[in-house]
There are 2 protein chains.
Amino acid sequence: MTYADFMNAPKRRDRAATRSALLDAARRRFAEHGFDGTGVREIAADAGVDATLIFRYFGSKQDLFDAALATEVPAGLGERAAGPVEFTDALVREVVLGDPAGNDGEHPLLLMLRSAGRPEVRARLHEEVCNGYLADLAARFDGEDAALRAELVGALLLGMGVMRAVVGSPVLPAADPERVRARVAAMVAALEA
Amino acid sequence: MTYADFMNAPKRRDRAATRSALLDAARRRFAEHGFDGTGVREIAADAGVDATLIFRYFGSKQDLFDAALATEVPAGLGERAAGPVEFTDALVREVVLGDPAGNDGEHPLLLMLRSAGRPEVRARLHEEVCNGYLADLAARFDGEDAALRAELVGALLLGMGVMRAVVGSPVLPAADPERVRARVAAMVAALEA
DNA sequence: GTCGTAAGTCATCGATCGATGACAAGGCTA
DNA sequence: TAGCCTTGTCATCGATCGATGACTTACGAC
């Protein structure tokens, strides 16, 4: 079989593979161009399937976005570390230093951030950040400024993700992860007082 | 004159006022819903004018966006403070603690962040952050990790802006500005070594 | 007061968007 | 191999988008 034959050969019919390809393409497109900047035809073209299948398999573009968000939210951070420094360190390794292409795309928070223009997305982002990450962080601080200190640590982590994924600064990907972790730990430790 | 008369009275023709109203409405809409999530008819409706005037006065929706970005870039940060702590403090007061409604809308960086799906906007965001703010910051640090330390401070500042303007966390607006400045200063000071 | 320029309004275009329904064809089962 | 359900394809809809050109009317110069 020649290469042209291979390229023109009819695709195997595989519901699971098609769904998965659509999800992967959607994650990449939504992460890079946001919800409003992404068209269903572009997603389908990236996945190599017909755009109509998006609606057959997911119902609507919004449902596809929700499905792309739902995949593998890391979760389970609460039990892993006690102090704010260790907790932050775990988040740094997971959110910021994690291989962007190796896992399955971008972190859900950064994916939502790119589509924060839509009210539902913003509401969910607010909920997950404030009542999730920030609450977990604040519980690990003592003193009356716990909320403020948690906010600053959260801002640092979120900012690092934005720097890498949105601004595209080359510093964090090129830096030694151990040094990054040490510097962040020093900043968080400076808040314990 | 009754209220109805006032409302139905023909508007005064004022080129400058119309242009300004369009710019203000555009800044608000673009900052909240992003470039792709904002329509010219919505901007015009907010400004109380006809959508056609956008094209007459600015040429295109993209040109209006550029004009909204161009207004009052703070600038002139380079000469104001020498050390990284003082420099950061100046940025905190200006970018994060500034009254969002009092000035003229959101900081240009946050406005670009909301429309980072568009390649031109992302390129400009990358340019201004990396070759502007981060370079200024890195020049104020000593040692070989200057770029990394500048990146972390930049991430903290950017993250604080995102927390307030995108995530909508109520902590920073409600917090005592002096305490915020003190905590941020402690985090930045922890990087000097 | 008249008149011309500029500001505002209206109708509408072509493209693109998400979404739908009818139709063709593959693949498993009997 | 015959039949049926599922998967993929095609044509197309209605809404909305940015943008254009012609028209109307207010305001200031003279």
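Summarising the geometry, the separation between CG on A:D63 and P on C:dG18 is reported as 14 Å, rounded to the nearest angstrom. Atom CD1 in B:I43 sits roughly 11 Å away from atom C1' in D:dG18 (whole-Å rounding). Per the geometry, CZ belonging to A:F65 stands 14 Å off P belonging to C:dA19, to the nearest Å. Protein atom CZ of A:R41 is 7 Å distant from nucleotide atom C1' of C:dG18, rounded to whole Å. B:R29 has its CZ atom 15 Å from the C1' atom of D:dC17, to the nearest Å.
Every residue meeting the ring-ring contact (aromatic ring centres under 6.0 Å, His included) condition with B:F65, not counting sequence neighbours, appears here in chain and number order: B:F30, B:F35.
No donor-acceptor pair under 3.5 Å is formed between the side chain of A:R114 and the backbone N or O of A:L110.
Ion pairing between A:R93 and A:D89 holds under the 4.0 Å rule for side-chain N and carboxylate O. The pair B:R179-A:D145 counts as a salt bridge, with a side-chain nitrogen and a carboxylate oxygen less than 4.0 angstrom apart. Between A:E127 and A:R124 there is no salt bridge, since no side-chain N of the basic residue sits under 4.0 Å from a carboxylate O of the acidic one. The existence of a salt bridge linking A:E151 and B:R164 is excluded, since no basic side-chain nitrogen approaches an acidic carboxylate oxygen closer than 4.0 Å. Under a 4.0 Å N-O distance rule, the pair A:D46/A:R29 qualifies as a salt bridge.
Nearest to the side chain of A:D50, among D:dC10, D:dT6, C:dT9, sits D:dC10.
In this structure, the helix from C:dG1-D:dC30 to C:dA30-D:dT1 shows an angle of 0° between the axis at its start and the axis at its end, each fitted on 5 base pairs and rounded to 10°.
Using a 4.0 Å cutoff on non-hydrogen atoms, the parts of residues 51-61 of chain A near DNA chain C are A:T52, A:F55, A:S60, A:K61, ordered by number.
Taking only distance into account, the side chain of B:R15 never meets the base of C:dA6 through a donor-acceptor pair shorter than 3.5 Å.
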Using side-chain contact (heavy atoms from CB on, under 4.5 Å), reason through A:L113 and A:V121 one step at a time and then give a plain yes or no.
CA-CA 8 Å; A:L113 198 66; A:V121 179; over 6 Å; no
